[in-house]
Number of protein chains: 2
Amino acid sequence: MKTMVGNVDMDGADALRGALARGLRLYVVTDRELAKGRLEEEVVTQAIAGGATAIQFRAKNWDARRMVEVGLRLREITRDTGVLYIVNDRVDVAMAVEADGVHLGQEDFPVPLARKLLGPDKIIGLTVYNASQATAAELLGVDYLGTAAVFPTGTKSYADVAPLGLPGLVSIVRATRLPVVAIGGISKANAADVLSTGVAGVAVVSAVVAADNIEGAARELREIVDKCQQQTGP
Amino acid sequence: MKTMVGNVDMDGADALRGALARGLRLYVVTDRELAKGRLEEEVVTQAIAGGATAIQFRAKNWDARRMVEVGLRLREITRDTGVLYIVNDRVDVAMAVEADGVHLGQEDFPVPLARKLLGPDKIIGLTVYNASQATAAELLGVDYLGTAAVFPTGTKSYADVAPLGLPGLVSIVRATRLPVVAIGGISKANAADVLSTGVAGVAVVSAVVAADNIEGAARELREIVDKCQQQTGP
């Protein structure tokens, strides 16, 4: 039976969330400093070959010009792969490179204004630190949630607050119907525990970007995700 | 007689450039560090009271959220004043706060993509360092030019290359039909010399923003501009 809430067909909304959730299963975030001299193009190509379902192009403190140039190349690499292509922080760069969406932090662009600029069809992700931010995000029109670091991490941008731990992650997942992608210190050693909380997927930086074999590292993580979620396929 | 170049009615284009040039006569750039604890809202209000014709909201390295919040307040302050309101660097912030335009550096957002996002009616300014960049800028669809620092300056963002000097400024002005606003070390002591080069106006940071009496400092500069250009009025 269909449930109508306002003008929203909840079956349709649920279907969209389900499709997005599948796109978040293995979410790889770029980081030039961790990539051992390899450019984003190489990192992203190998991560996709290994089974990444989403790429976030993250380039804090880069000039906008360089971000647009690299961002356009990543759009070409991700186009027609079925992999979600998300740009971190800069709404204008996301628009210029025709990314699938933008990921915002609590200190980044306000979500309602980002939605106004991006229109209804682009994906907006928001980092939340706790359950009350997760609940609030749904009302803002966010499509998916990222989290504060679950475990201690060496990736400095995610190390600014105390790790959530698995209980903290569970409280976020329970507070929202939005798909949640967990980040922070996730590796093949703990990915199954993270996935047991009901998250849509795991986001990684160093576990893939800093690996000697990026494709192999992505493949190992993707296999864990598929096993935990008992689903496979592209 | 009208001169048609392609589809462009040159009389119309000249008229638009003339109107924009008048808006660039006294162009005040905000800088939190130089403002002696005064917020942008206060600085901008006083600068406009003193006769600023354009305000550039410049907030390098700020979080986007804070930039949008302050930027929206500056939009309210500048609305209906006839003063141009330009946002530095971030095209998305300029769009979100409904600024009149954006000012880009050579390392900022590429001009053609900024134009695509902003549409034909918003103003795009570009910083140029020499005559060849000035000539190139016209083809990119830029509306006005800023310059590298004319004189040595303590405002660190403009101190990264050797000062142009007045001869360098003249070479830029002669290389383009676009209105040029000169910046870098300009004060009431040298503003008349700068204006003698044929620039549309002078841009200042510390000469106004760091003054004890912001309104008075703006007024003194505006009087020099009006005297040199032998025109007055709002």
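In the text below, chain A, chain B and the rest are named by the order of the sequence lines, each starting its count at 1.
Interface residue B/Val91: backbone and side-chain heavy atoms are both found under 4.5 Å from chain A. In this structure, no portion of A/Glu69 lies under 4.5 Å from any heavy atom of chain B. Neither the backbone nor the side chain of A/Asn61 comes within less than 4.5 Å of any heavy atom of chain B. Both the backbone and the side chain of A/Val93 come within less than 4.5 Å of a heavy atom of chain B. Neither the backbone nor the side chain of B/Val102 comes within contact range of chain A, judged by heavy atoms closer than 4.5 Å.
Put simply, the residue from A/Asp89, A/Leu118, A/Leu117, A/Leu113 that forms a side-chain contact (heavy atoms from CB on, under 4.5 Å) with B/Asp92 is A/Leu117.
Two residues are said to be in side-chain contact when any heavy atoms from C-beta on lie closer than 4.5 Å; A/Arg90 and B/Phe109 meet this criterion. With a 4.5 Å cut-off on side-chain heavy atoms, B/Lys116 and A/Met95 do not count as touching.
Heavy atoms from other residues, nucleotides or ligands lying under 6.0 Å from CZ of A/Arg174 number 12 at most.
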